[in-house]
Number of protein chains: 2
Amino acid sequence: MKDHLHLNEQLCFPVYVFAKEIINQYRPLLDELELTYPQYLVMLVLWEQDKQTVNQLGEKLKLDSGTLTPLLKRMEQKEFVSRVRSTIDERSVNISLTEKGKSLREQAQAIPQKMVASMGISTEDLESLKNIIHKITNTRK
Amino acid sequence: MKDHLHLNEQLCFPVYVFAKEIINQYRPLLDELELTYPQYLVMLVLWEQDKQTVNQLGEKLKLDSGTLTPLLKRMEQKEFVSRVRSTIDERSVNISLTEKGKSLREQAQAIPQKMVASMGISTEDLESLKNIIHKITNTRK
DNA sequence: TTCATATAAATTGCGCACAATATAATTGTG
DNA sequence: CACAATTATATTGTGCGCAATTTATATGAA
């Protein structure tokens with residue numbers, strides 16, 4: 001009667017390690033922009049649509065206010081975003097890009113290609129991984 | 001000329017979210033054993049082979065002493081492991097299972113199946129995901 | 001209108017994760 | 001043997017990530 005309590009049998013461990021590796025691959029690229037990986041994700045979301053509430057960011061990035069509030073304060077200090085409480089609904093805080101935040105986008109252009117290159121994953125593997133994770137995470141909801 | 005700075009185009013974001021989801025799925029199961037996910041990984045490694053140095057654990061789990069030292073101290077406080085400096089090489093610290101740590105293995109037996117069940121992933125998807133991540137992370141070294 | 005309920009952020013507290021540095025023991029080379 | 005270089009762990013500091021709680025505002029039903 002075999003059990004399954006072995007590290008290398010786990011699905012979860014490889015995913016956990018892979019996720020950390022990705023973030024570590026990003027680090028040198030993002031250091032140049034003075035961004036961390038989660039901060040970079042916030043920028044991606046804001047570059048697509050400026051001015052969003054903390055709540056909207058949190059839903060898209062799957063992060064709660066306990067993570068976002070201090071993170072966004074750090075981004076405000078670095079002058080990438082502004083945090084302004086909404087006048088319409090004073091419970092909400094609007095996060096908007098500053099000019100510095102908008103212009104950072106140009107510097108970030110090169111990142112996706114650099115990442116693909118530095119990870120050394122073939123385009124096919126990358127596609128199939130993307131597909132399967134997409135399938136799994138969406139089937140589940 | 002299209003750029004690639006869009007959240008949903010990224011490979012990395014789905015992997016990052018999926019890894020977090022996995023850990024969150026583990027949480028209620030591991031709470032019962034008074035373990036966090038990284039601590040559970042340490043237990044898996046020690047259940048396979050008792051008495052390992054911090055270094056050996058770190059290599060298997062891809063974690064450094066800055067992470068492991070405090071984590072292992074917490075596990076020591078909960079009396080799952082002992083930390084004893086090696087007499088042969090006094091730079092090393094041997095991490096061994098206590099009786100409580102050994103017996104915890106029985107309580108953990110049910111976890112892998114519960115996880116597979118609660119994640120709602122088909123066995124095939126699970127296998128192919130495991131394979132592709134394995135392929136990617138091993139090709140790369 | 002009033003008051004319970006819901007919602008949005010912020011706060012607190014804990015545990016990683018990792019870079020950088022420090023400390024101490026060991027090893028290798030002349 | 002001496003001593004520089006290496007190795008193993010610990011420490012410090014910063015930044016998530018999340019549970020639990022708090023504070024403030026808004027909403028909805030009686």
Side-chain angles (χ1 to χ4, degrees), chain A residues 12-13 16-28 30-31 34-43 52-78 80-95, chain B residues 12-13 16-28 30-31 33-43 52-78 80-81 83-95:
Chain A
C12 312
F13 179 62
Y16 156 82
V17 171
F18 187 43
K20 288 194 304 173
E21 277 184 28
I22 289 174
I23 292 176
N24 288 332
Q25 291 274 348
Y26 266 110
R27 201 179 309 277
L30 294 179
D31 277 352
E34 292 182 283
L35 290 174
T36 64
Y37 181 66
Q39 289 170 12
Y40 172 67
L41 295 179
V42 169
M43 293 305 281
Q52 301 193 49
T53 64
V54 174
N55 222 11
Q56 289 174 306
L57 294 177
E59 272 181 34
K60 286 170 187 164
L61 299 176
K62 316 289 181 196
L63 293 171
D64 69 3
S65 69
T67 301
L68 280 175
T69 297
L71 183 153
L72 291 168
K73 282 182 180 173
R74 285 186 288 273
M75 293 182 74
E76 184 184 35
Q77 281 198 329
K78 286 184 279 194
F80 293 136
V81 301
S82 64
R83 298 166 60 251
V84 179
R85 201 161 277 276
S86 166
T87 47
I88 300 144
D89 183 343
E90 293 208 352
R91 292 170 303 180
S92 302
V93 171
N94 286 313
I95 308 298
Chain B
C12 311
F13 179 62
Y16 156 83
V17 171
F18 187 44
K20 288 194 302 174
E21 277 183 29
I22 289 174
I23 293 176
N24 287 332
Q25 291 274 348
Y26 267 109
R27 202 180 308 277
L30 294 179
D31 278 351
L33 313 193
E34 291 183 285
L35 290 174
T36 65
Y37 181 67
Q39 290 171 12
Y40 171 67
L41 294 179
V42 168
M43 294 304 282
Q52 301 193 49
T53 64
V54 175
N55 221 11
Q56 288 175 305
L57 295 176
E59 272 181 36
K60 286 168 187 166
L61 300 176
K62 315 289 180 195
L63 293 171
D64 70 4
S65 69
T67 303
L68 281 174
T69 297
L71 183 154
L72 292 167
K73 282 181 180 172
R74 285 187 288 272
M75 292 182 75
E76 185 184 35
Q77 282 198 328
K78 284 183 280 193
F80 294 135
V81 301
R83 298 166 60 249
V84 180
R85 202 159 277 273
S86 167
T87 46
I88 299 144
D89 184 341
E90 292 208 352
R91 292 170 304 181
S92 301
V93 171
N94 286 313
I95 308 299

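Side chains included, hydrogens not; waters and symmetry mates left out as well; all remaining heavy atoms used. Order of the sequence lines sets the chain letters (A, B, ...), proteins ahead of strands, with each chain counted from 1.
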Quickly work out the [X] [atom1] to [N] [atom2] distance and round it to whole Å.
X	N	atom1	atom2	result
B/Lys20	D/dG17	NZ	P	5 Å
A/Leu63	C/dA10	CG	C1'	16 Å
A/Leu30	D/dG15	CG	C1'	14 Å
B/Leu35	C/dC14	CG	P	19 Å
B/Gln77	C/dG15	CD	C1'	13 Å
A/Leu61	D/dC18	CG	C1'	15 Å
A/Gln56	C/dT7	CD	P	16 Å
B/Leu71	D/dT11	CG	P	15 Å

So what does [X] touch, heavy atoms closer than 4.0 Å: a base, only the sugar-phosphate, or nothing?
X	value
B/Thr36	sugar-phosphate
B/Ser92	sugar-phosphate
A/Ile23	nothing
B/Ile88	sugar-phosphate
B/Asp64	base

Establish, with yes or no, whether the OP1 or OP2 oxygen of [N] is under 4.0 angstrom from a side-chain nitrogen or oxygen of [X].
X	N	result
B/Arg27	D/dG17	no
A/Tyr16	C/dC16	no
A/Gln39	D/dC16	yes
A/Arg85	C/dA10	yes
A/Arg74	D/dC16	yes
A/Thr67	D/dG17	no
A/Lys73	C/dT11	yes

A/Leu68 or A/Asn24, whichever maps to the more 5' nucleotide of DNA chain C =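 This one resolves to A/Leu68.
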Upstream residue (5' side of DNA chain C) when B/Glu90 and A/Thr69 are each assigned their closest nucleotide = A/Thr69
Assess whether one donor atom and one acceptor atom, taken from the side chain of B/Arg91 and the base of D/dT7, lie less than 3.5 Å apart.
->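 Donor-acceptor pair under 3.5 Å: yes.
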Is the base of D/dA10 touched by the side chain of B/Ser65 through a donor-acceptor pair closer than 3.5 angstrom?
->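 Such a pair exists between side chain and base.
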When you match A/Asp89 and A/Lys78 each to their closest nucleotide on DNA chain D, which lands nearer the 5' end?
-> A/Lys78
Is there a donor-acceptor pair under 3.5 Å between the side chain of A/Asn24 and the backbone N or O of A/Arg27?
-> no
How close do B/Lys62 and A/Lys20 get, heavy atom to heavy atom, and via which atoms?
->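 Closest heavy-atom pair between B/Lys62 and A/Lys20: O-NZ, 3.1 Å.
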Over all heavy atoms of both residues, which pair between A/Tyr16 and B/Ala19 is shortest? Give the atoms and the distance, please.
->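 In this case the closest contact between A/Tyr16 and B/Ala19 is CA-CB, 4.4 Å.
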Partner of B/Leu57 by side chain to side chain contact (heavy atoms under 4.5 Å, CB included), out of B/Leu63, B/Leu41, B/Leu71, B/Leu72 =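 Per the side chain to side chain contact (heavy atoms under 4.5 Å, CB included) rule, the option paired with B/Leu57 is B/Leu72, out of B/Leu63, B/Leu41, B/Leu71, B/Leu72.
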Reference residue B/Thr53; test side chain to side chain contact (heavy atoms under 4.5 Å, CB included); the match among B/Asn94, B/Val93, B/Ile95 =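 For B/Thr53, the side chain to side chain contact (heavy atoms under 4.5 Å, CB included) check succeeds only for B/Asn94.
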Charged N to carboxylate O below 4.0 Å: is that the case for A/Glu76 and A/Arg83?
->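 Between A/Arg83 and A/Glu76 there is a salt bridge, with a charged N closer than 4.0 Å to a carboxylate O.
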